[in-house]
There are 2 protein chains.
Amino acid sequence: MEKLNIDKVAKLAHVSRSVVSRVLNNHPNVSDEARSRVMSVVEEYNYRPNSVARSLATSSTYQIGVLSGIFGEESLGNGYWTLLYLGIFEECIRNGYYVRLSFYNSEMKKELHDLILNEHHLDGVICLNEEVTEFTLQTFEDSDIPIVLVGHNPKYPEIPSVDVDNYDAAYKATDHLVQLGHKDIGGMFGDQNVQETEHRMRGYQDALCNAGIEPKDDYTAVGSYSQHDGHDTMEEWIKKHDDMTAVFCASDTLAMGTLLALFENDISVPEQFSVVGFDGLPISKYMIPPLTTVAQPTYGKGEKAAKLLIEKIKNKDARVRHASLKPELLVRKSTAKLS
Amino acid sequence: MEKLNIDKVAKLAHVSRSVVSRVLNNHPNVSDEARSRVMSVVEEYNYRPNSVARSLATSSTYQIGVLSGIFGEESLGNGYWTLLYLGIFEECIRNGYYVRLSFYNSEMKKELHDLILNEHHLDGVICLNEEVTEFTLQTFEDSDIPIVLVGHNPKYPEIPSVDVDNYDAAYKATDHLVQLGHKDIGGMFGDQNVQETEHRMRGYQDALCNAGIEPKDDYTAVGSYSQHDGHDTMEEWIKKHDDMTAVFCASDTLAMGTLLALFENDISVPEQFSVVGFDGLPISKYMIPPLTTVAQPTYGKGEKAAKLLIEKIKNKDARVRHASLKPELLVRKSTAKLS
DNA sequence: TTGTAAGCGTTATCAC
DNA sequence: GTGATAACGCTTACAA
């Protein structure tokens, strides 16, 4: 079972190395006889072409990169990321691409540069919007390596992107609370600098306005998506805002922290207080009580991102597309009629 | 800013291509003058050697693979996996290795074969024990590509591995319950086929025995690590076992499901029932109530696995090592004295 | 210390 | 339809 290469296969099949290459790449112009001779050798010896050599010759690696921020422990554990990644991964594999994962933080410009400048490394890159800096995006836009963004950044209309309809999702979630009779509804949001936050805030505010409720500034908090922030913000609001009876959290993790703060203060959900989350993470079903949340198709986002990227790799001049996926409200046990 | 290659750099620096190569690889026997000429060209043009070509020449890719089962949604979201992966990833990057992630399920023998047979692909592989089949392990052992296992499989003593001391961890957790005065203590375990489960069960049983408590068969459940299983098992036990006052769950996710079942049945934790988990996931801190759990150094496990692998890559004949990491009991709010 | 030249295992371009 | 042969960009004897 020694190591074969294309020449040895050629010799065994009594053809030239070019014929072997043609057979392996499904190129035309090879006789049935030659083809079958080659194939039987390939199968007998279980020969596989060396992909490194192939990459060198074709300057395409069939590897795509995923660039993701290094988040704190808490966000890492929330499952959003893994689900997204799985969507990307499976779609890539289906298309014969391998995936290389890189975490990234702002000090890692070097890694990034190497990524791009060693060009042959990657056929394309998927960037997860959060934490990706202007610099990063700019660098990619300047190079000609295809890239797609998960999330959306209005500054780079030329970069294809995949996102949920954040406005619609936040609107649905808030409106659900409104329909239940709530009037004093807090809104907890994540990362300040991302357009996604802006959209979610607008959805929240519009749902309120359309119901004749005036959004109040001190009922709104913007911080991070962590459980920690959810907990601390709720803690504070419990002390300050006696009237508040419900809250819309812009992530399930935020909601998880919120639920804990409520529990610690003996406020029962949903009897005394309603909570709705955002994401529809697998764990949200097991929160106490099971969380009402607007689910976004996280796996689908990843899958779509991979699809767009591969499309762009295969046809660099393809029209730039910005996909927007639909969220869905999942009503569970953390919300109830205002009594 | 056109694309450079080693020859162009050589020309610009007025040296031969070998000198450039030597400089870039820190080989000796280069005059200071030549070195500095090369370096200044490299910096001016920001030249980076093409890693594919380099791989072809050296037949080492500086890529390591992580082989992981495709779990159901629930387990994916539990954060264990991500933390482990992060540990692996960061240690690899620190050593100049890139990471390629592959999910794997039993039908994917093809992918696996390609992985190995295209040999030049990967310098080494880290296998996550769960879900890795005999076939997989055997295949790797037969090839000469270095591999390390996260978890432990006694059938392959020749494969280096990293694990926590599962016995010790389970013992500590159970003993904690015993010390609080509990006598009727359930034990919920994960995957049947893994040695880890056996060790955790023994730790649980020994802690009981040493306290003069007889472990009962119907107080023990073995299934999966999912929240779902935790929930259903607890649900059943609530109906069947009136005496039970505490449970040791062999994962935090199992505990999360357990907590929900208890909540749904109006059994308050820890006043009427104590729960201890296993893993110390970031989310365990935000469960309701915050979970008492034996934390395993998940990130550290990944880090250690990467260390062992890289060591083995650099020295194929290194002694086989089986690392065993220490767990730590985190007492939070889900356990209390039996009243 | 430096340069020449032979690989590494493919694909791709041409004659035939 | 087939087979030389030249890339692809690098490392590494070996010779100078």
Side-chain angles (χ1 to χ4, degrees), chain A residues 2-39 41-42 45-63 96 98 114 116-123, chain B residues 2-39 41-42 45-63 96 98 114 116-123:
Chain A
E2 51 157 331
K3 201 81 278 215
L4 285 187
N5 64 20
I6 197 172
D7 283 323
K8 294 193 185 135
V9 173
K11 189 168 290 174
L12 287 165
H14 304 290
V15 293
S16 75
R17 133 239 244 91
S18 335
V19 172
V20 178
S21 176
R22 286 191 200 104
V23 170
L24 259 25
N25 293 287
N26 290 315
H27 285 180
N29 295 336
V30 34
S31 66
D32 286 353
E33 194 191 325
R35 159 165 287 113
S36 75
R37 271 210 311 271
V38 169
M39 286 312 288
V41 171
V42 165
Y45 294 85
N46 211 300
Y47 165 74
R48 293 284 180 285
N50 176 313
S51 67
V52 174
R54 182 178 261 178
S55 292
L56 184 58
T58 61
S59 68
S60 87
T61 58
Y62 279 85
Q63 291 206 195
Y98 286 101
D114 284 1
I116 302 164
L117 297 169
N118 293 352
E119 288 242 340
H120 285 302
H121 271 182
L122 262 17
D123 285 1
Chain B
E2 54 158 326
K3 201 82 280 218
L4 285 188
N5 63 22
I6 198 173
D7 284 323
K8 294 194 186 134
V9 173
K11 190 168 289 174
L12 287 166
H14 303 292
V15 294
S16 78
R17 139 238 239 86
S18 14
V19 171
V20 177
S21 176
R22 287 190 201 106
V23 170
L24 259 25
N25 293 290
N26 292 314
H27 285 180
N29 296 336
V30 176
S31 66
D32 288 353
E33 189 185 330
R35 160 165 284 114
S36 75
R37 274 210 308 271
V38 170
M39 286 313 288
V41 172
V42 165
Y45 294 86
N46 211 302
Y47 166 74
R48 294 283 180 286
N50 177 314
S51 66
V52 173
R54 180 178 264 178
S55 292
L56 185 57
T58 60
S59 68
S60 86
T61 58
Y62 278 85
Q63 292 208 193
Y98 286 101
D114 284 1
I116 301 164
L117 297 167
N118 292 353
E119 289 239 342
H120 285 302
H121 272 184
L122 261 18
D123 285 1

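Letters A, B, ... are given to chains in the order of the sequence lines, protein chains preceding strands, and every chain is numbered from 1.
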Could you give the [atom1]-to-[atom2] distance, from [X] to [N], as a whole number of Å?
X: K11(B); N: dG9(D); atom1: NZ; atom2: P; value: 14 Å
X: R37(A); N: dT2(D); atom1: CZ; atom2: C1'; value: 11 Å
X: N5(B); N: dT11(D); atom1: CG; atom2: C1'; value: 14 Å
X: D7(A); N: dA6(C); atom1: CG; atom2: C1'; value: 15 Å
X: N29(B); N: dG3(C); atom1: CG; atom2: C1'; value: 13 Å
X: L56(B); N: dT12(D); atom1: CG; atom2: C1'; value: 14 Å
X: E33(B); N: dT1(C); atom1: CD; atom2: P; value: 13 Å

Subject >> For A53(B) against L56(A), the heavy-atom pair lying closest together >> reply: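 Where A53(B) meets L56(A) most closely, the heavy atoms are CB-CD1, 3.7 Å.
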Original post:
How close do T61(A) and D123(A) get, heavy atom to heavy atom, and via which atoms?
Top reply: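 Closest approach of T61(A) to D123(A): N-OD1, 2.9 Å.
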Original post:
What's the spacing between L24(B) CG and R54(B) CZ if we round to 0.5 Å?
Top reply: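 Going from CG on L24(B) over to CZ on R54(B), the span is 6.0 Å.
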Subject >> Side-chain touch N50(A)/N5(A), heavy atoms, less than 4.5 angstrom >> reply: no
**OP:** Could I get the full list of salt bridge (charged side-chain N to carboxylate O under 4.0 Å, His left out) partners for R17(A), not counting sequence neighbours?
**Re:**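 R17(A): salt bridge (charged side-chain N to carboxylate O under 4.0 Å, His left out) contacts with D7(A).
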**OP:** Indicate whether OP1 or OP2 belonging to dG9(C) is found under 4.0 Å from a side-chain N or O atom of Y47(A).
**Re:**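 For dG9(C), neither OP1 nor OP2 has a side-chain N or O of Y47(A) closer than 4.0 Å.
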**OP:** Could you run through nucleotides 11-16 of chain C and give me one letter per nucleotide, 5' to 3': B if any protein heavy atom sits under 4.0 Å from the base, S if only the sugar-phosphate is that close, - if neither?
**Re:** BB----
Using residues 26-35 of chain B as the side-chain source, report each donor-acceptor pair under 3.5 Å to any protein atom, sequence neighbours left out, with the distance given to one decimal.
{"from": "S31(B)", "atom 1": "OG", "to": "A34(B)", "atom 2": "N", "distance (Å)": "3.1"}
{"from": "E33(B)", "atom 1": "OE2", "to": "R37(B)", "atom 2": "NH1", "distance (Å)": "2.7"}

